[in-house]
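Every value quoted in this text rests on a predicted model; they were computed, and no experiment measured them.
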Amino acid sequence: QVQLVESGGGLVQAGDSLRLSCAASGRTFSSYAMGWFRQAPGKQREFVAFISSIWGSQYYADSVKGRFTISRDNAKNTVYLQMNSLKPEDTAVYYCAAGSRGTKDPTVWDYWGQGTQVTVSS
């Protein structure tokens, strides 16, 4: 069982930066792929980025590539999402997820956090 707690969301202006954190419980954090997804009002949950468990390979949605960076600190059981050059269309609740393998499909992930709100004003 893995428990995930996100933090770092907030209200920012377009062009600003935010860093989201996701702290995980358990001693097997390093064995999980970790991902970030987001969900805007009235829309389906969508893939943002994930990082693999072993090699730390990173994968991004086209909409955030070049602006967002996912990273992990296995010693701290934490995954981060650095978000730069934020746009109003990035406004959503951001969720952290853990799974046995990384994928863009949100239905495959095993564990989810409660989410953190990111609002970008124009």
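Between the CZ atom of Phe47 and the OG atom of Ser63 there is a distance of 9.0 Å, given to the nearest 0.5 Å. The CG atom of Asn77 sits 9.0 Å away from the CZ atom of Arg72 when rounded to the nearest 0.5 Å.
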| query | Is there a side-chain hydrogen bond (donor to acceptor under 3.5 Å, both in side chains) between Gln117 and Thr119 once you walk through the steps? | reply | CA-CA 6 Å; Gln117 177 71 47; Thr119 304; 3.3 Å; yes

Query raised in the report: Please walk me through it: do Lys104 and Tyr59 pass side-chain contact (heavy atoms from CB on, under 4.5 Å)?
Result: CA-CA 9 Å; Lys104 298 179 180 180; Tyr59 302 85; 5.5 Å; no

(message) What verdict does the side-chain contact (heavy atoms from CB on, under 4.5 Å) test give for Glu46 and Gln39, after you've listed the backbone C-alpha separation in whole Å, the side-chain angles of each residue and the deciding distance to 0.1 Å?
(response) CA-CA 6 Å; Glu46 66 171 3; Gln39 189 166 16; over 6 Å; no

Checking Met83 against Val118 for the side-chain contact (heavy atoms from CB on, under 4.5 Å) test, could you report, in this order, the C-alpha distance in whole Å, the side-chain angles of both residues, the deciding distance, and whether it holds?
CA-CA 10 Å; Met83 305 186 295; Val118 172; 3.9 Å; yes

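Side-chain atoms of Asp105 and Thr103 include no donor-acceptor pair closer than 3.5 Å. For the 3.5 Å distance criterion, the side chains of Asp73 and Thr78 fail to qualify, holding no donor opposite an acceptor.
Put simply, the side chain of Ser21 never gets that close to the backbone of Tyr80: no donor and acceptor are under 3.5 Å apart. One N or O on the side chain of Arg67 and one on the backbone of Ser85 form a donor-acceptor pair closer than 3.5 Å. Checking side-chain atoms of Ser122 against main-chain N and O of Pro88 turns up no donor-acceptor pair under 3.5 Å. When atom types are taken as modelled, the side chain of Arg45 and the backbone of Ala40 share no donor-acceptor pair closer than 3.5 angstrom.
Of the candidates Ile51, Val48, Leu20, Ile51 is the only one forming a side chain to side chain contact (heavy atoms under 4.5 Å, CB included) with Ile70. For the side chain to side chain contact (heavy atoms under 4.5 Å, CB included) with Leu18, the lone residue among Leu81, Val12, Thr116, Asp90 that qualifies is Val12.
Side-chain contact between Val120 and Gln13 is absent, with no heavy-atom pair separated by less than 4.5 Å. Side-chain contact between Ser100 and Asp110 is present, with at least one heavy-atom pair separated by less than 4.5 Å.
Linking ILVMFWY residues whenever their side-chain heavy atoms come closer than 4.5 Å, directly or via other members, places Tyr60 and Leu86 in the same cluster. In the hydrophobic cluster analysis, where Ile, Leu, Val, Met, Phe, Trp and Tyr join through side-chain heavy atoms closer than 4.5 angstrom, Tyr95 is grouped together with Trp109. Cluster annotation: Val79 and Tyr94 are assigned to the same hydrophobic cluster (Ile/Leu/Val/Met/Phe/Trp/Tyr, side-chain heavy-atom contacts under 4.5 Å, transitive). In this structure, Leu4 is not a member of the same hydrophobic cluster as Trp112, with clusters built from ILVMFWY side-chain heavy atoms closer than 4.5 Å.
Closest non-hydrogen pair, Phe29 versus Ala24, comes out as CD1-CB, 3.4 Å. Here the closest heavy-atom approach between residue Ala33 and residue Ser53 is recorded as N-CB, 3.9 Å. What you find for Met34 and Ala98 is that their closest heavy atoms are SD-CB, 3.6 Å.
Here Lys65 pairs with Asp62 in a salt bridge; the nearest charged N to carboxylate O distance falls below 4.0 Å.
The salt bridge (charged side-chain N to carboxylate O under 4.0 Å, His left out) contacts involving residues 4-22 comprise nothing, where partners must be two or more places apart or lie in separate chains.
The aromatic rings of Tyr111 and Tyr32 sit perpendicular, their planes meeting at an angle over 60°, well past the 30° parallel limit.
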